[in-house]
Amino acid sequence: MYSISNVCPGRFNYTDSFVLPDPWCVSTRNSDYIKELVSTLNIDFIIAANMPYPMMLYNLLALRGQAMIISHYHSSPRLSFTRFNFLDRYSISNRKWFQRCVFTIQRRLKASLFVQMCEVSDKVVMLSESYIPELRMFTEVEESKVTAITNPMSFKVVDDFWNRKERIVLWVGRIKESEKRISSLLRIWKMASPHMPGWRLRILGGGEELERWKAKAESMGLKDYEFLGFCNPEEYYKTASIYVMTSNIEGWPMTLVEAMSYACAPILFDSYASAPEMVDGGKCGILVKPFDDKVFAEKLVELALDGEKRRLIAEAAFNKVMSYDTDEIIDKWYKLFESLSFQNSIGKNE
């Protein structure tokens, strides 16, 4: 297995890695370099991650017929359907007619990229079956060309922390309002914490907006909370009893999988297509209609005060993540390679 990227391979400790001669740009030199590698190394499959970026599409066009191309889309197709943040400084960005124009332009550009991605690919892999209908909002991709394989767990599941649980509510993520909806988290805690004696909220994560939201929490008069910045969340998963997510939208949030593997009972907004799948329709987590902060706060208080319900949800969450075992996910990839090889051999014989 080989990898090629725009950055120095030593940064990620890759062994068989290559760097594009013209990083972060579209060029004939890049496409020729990749084409030569594919030929020299006898590459059978190309997994194009983070599709459908224009640079990647341009490079792959030159490789059609040389290798089987698998486009791996890592998020929700709707994920970037937001306002352009750099326009927020202008008063016109708040006008509804302007937002509709931006949305229309963005949708057309994205649809064009998805069409090209599906045309150049032998297979398109989404993170969840639930994202396939979202993809079809942009392009009429053939049913046989698209499939779903979730991300594997990148950590070892352990079960020696059941007796270490404390009255802690945990939130982990990038401190970024447009994606993670920090405002909802603070409002929810403002409503819920007075009814949860002895409980604390721990917020893990950093970013440019960290100080802004620290100041906001203080101005709201919140109590029993702490911002911990960037840190390894493992020890915090072990002691947290409840895990909360307030995101506007996600792809396949690994922090949720991690929290469930440490038997944290999750509560999250049903704001992205994979959410019901990840918590098994509410059997191993609580789904709240987006973005009802009041109901979320009520569910949080209910879970905090009902130890038996919390234990049952945590156990179900722990058992659920077994389906994301690395070996099982690898087996799905191998089966995909086998099916594409078979398909390719039939095509050559016809």
Side-chain angles (χ1 to χ4, degrees), residues 1-82 84-87 102 104-127 131 134-142 144-147 149 251 333 336-337 339-341 343-348 350:
M1 180 179 289
Y2 305 91
S3 68
I4 187 166
S5 66
N6 290 294
V7 296
C8 174
R11 176 183 173 186
F12 299 111
N13 297 316
Y14 292 148
T15 51
D16 299 312
S17 301
F18 303 90
V19 180
L20 290 173
D22 296 327
W24 306 109
C25 69
V26 174
S27 73
T28 302
R29 189 179 172 205
N30 279 344
S31 58
D32 288 344
Y33 178 72
I34 298 174
K35 196 171 183 178
E36 180 64 25
L37 283 178
V38 169
S39 177
T40 303
L41 299 173
N42 296 313
I43 300 296
D44 297 309
F45 299 98
I46 298 171
I47 300 177
N50 293 323
M51 285 288 274
Y53 293 125
M55 184 178 71
M56 181 72 74
L57 288 167
Y58 178 84
N59 290 329
L60 292 180
L61 283 172
L63 298 171
R64 297 184 73 174
Q66 271 195 259
M68 304 291 283
I69 297 173
I70 303 172
S71 290
H72 191 202
Y73 192 69
H74 288 181
S75 58
S76 160
R78 296 189 301 114
L79 187 58
S80 64
F81 252 41
T82 57
F84 295 118
N85 292 331
F86 70 89
L87 293 172
V102 169
T104 300
I105 294 170
Q106 190 181 42
R107 180 184 176 86
R108 289 178 179 176
L109 289 173
K110 196 165 189 180
S112 174
L113 292 175
F114 277 129
V115 168
Q116 293 178 63
M117 177 185 75
C118 293
E119 287 179 349
V120 79
S121 305
D122 294 286
K123 203 76 170 184
V124 176
V125 177
M126 311 297 289
L127 286 174
Y131 287 131
E134 287 190 8
L135 178 62
R136 292 201 174 102
M137 291 168 56
F138 302 94
T139 176
E140 293 296 327
V141 59
E142 299 173 19
S144 61
K145 186 173 270 194
V146 63
T147 189
I149 302 177
W333 277 100
L336 175 59
F337 296 146
S339 68
L340 286 175
S341 295
Q343 174 186 320
N344 190 41
S345 64
I346 291 177
K348 290 180 178 179
E350 289 181 348

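All values below come from the heavy atoms of this structure, side chains included, with hydrogens, waters and symmetry mates left out. This one's a predicted model, so the numbers in the text were calculated from it and none came from an experiment.
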Here the pair of heavy atoms bringing G251 nearest to L127 is C-CD1, 4.0 Å
Give me the atom names and distance for the closest heavy-atom approach of P77 to E134. CD-OE1, 3.2 Å
Intermediate values then yes/no, side-chain contact (heavy atoms from CB on, under 4.5 Å), F337 and I47: CA-CA 11 Å; F337 296 146; I47 300 177; 3.9 Å; yes
Report the residues that fulfil side-chain hydrogen bond (donor to acceptor under 3.5 Å, both in side chains) with S39, sequence neighbours left out, ordered by chain and then residue number. none
How many angstroms lie between CG in L20 and CG in L37, if you round to the nearest 0.5 Å? 9.0 Å
Residues in side chain to side chain contact (heavy atoms under 4.5 Å, CB included) with E119, at least two apart? V115
Within the distance-only criterion (no hydrogens, no angle test), does the side chain of S339 pair as donor or acceptor with the backbone N or O of L336 below 3.5 angstrom? yes
Looking at residues at least two apart in the chain, or sitting in another chain, which of them share a salt bridge (Lys or Arg N to Asp or Glu O under 4.0 Å) with D32? none
Check salt bridge (Lys or Arg N to Asp or Glu O under 4.0 Å) between R136 and all other residues, then give those that pass, not counting sequence neighbours. none
Find out whether S341 and F45 are in side-chain contact, i.e. whether some heavy atom of one side chain is under 4.5 Å from a heavy atom of the other. yes
Ring-plane angle category for H72 and H74, please: parallel below 30°, perpendicular beyond 60°, tilted otherwise. perpendicular
So salt bridge (charged side-chain N to carboxylate O under 4.0 Å, His left out) across residues 19-30, not counting sequence neighbours, yields D22-R29
Go through V125 and I70 one step at a time and tell me if the side-chain contact (heavy atoms from CB on, under 4.5 Å) criterion holds. CA-CA 7 Å; V125 177; I70 303 172; 3.6 Å; yes
Check whether K35 reaches the backbone of N30 with its side chain - one donor and one acceptor, N or O, closer than 3.5 Å. no
Can you name the closest pair of heavy atoms from M68 and D122 and give their distance? CA-OD2, 3.2 Å
Take the angle between the ring planes of F18 and Y33 and call it parallel below 30°, perpendicular above 60°, tilted in between. perpendicular
Once rounded to the nearest 0.5 Å, what's the spacing between atom CG of L41 and atom OH of Y2? 4.5 Å
How long is the straight-line distance from CG of L135 back to NZ of K145, given to the nearest 0.5 Å? 11.0 Å
Hits for ring pair (Phe, Tyr, Trp, His ring centres under 6.0 Å) against F114, two or more places apart or cross-chain, chain-then-number order -> Y73, F138
With sequence neighbours left out, write down each residue that passes side-chain hydrogen bond (donor to acceptor under 3.5 Å, both in side chains) with T40, or none if nothing qualifies. E36
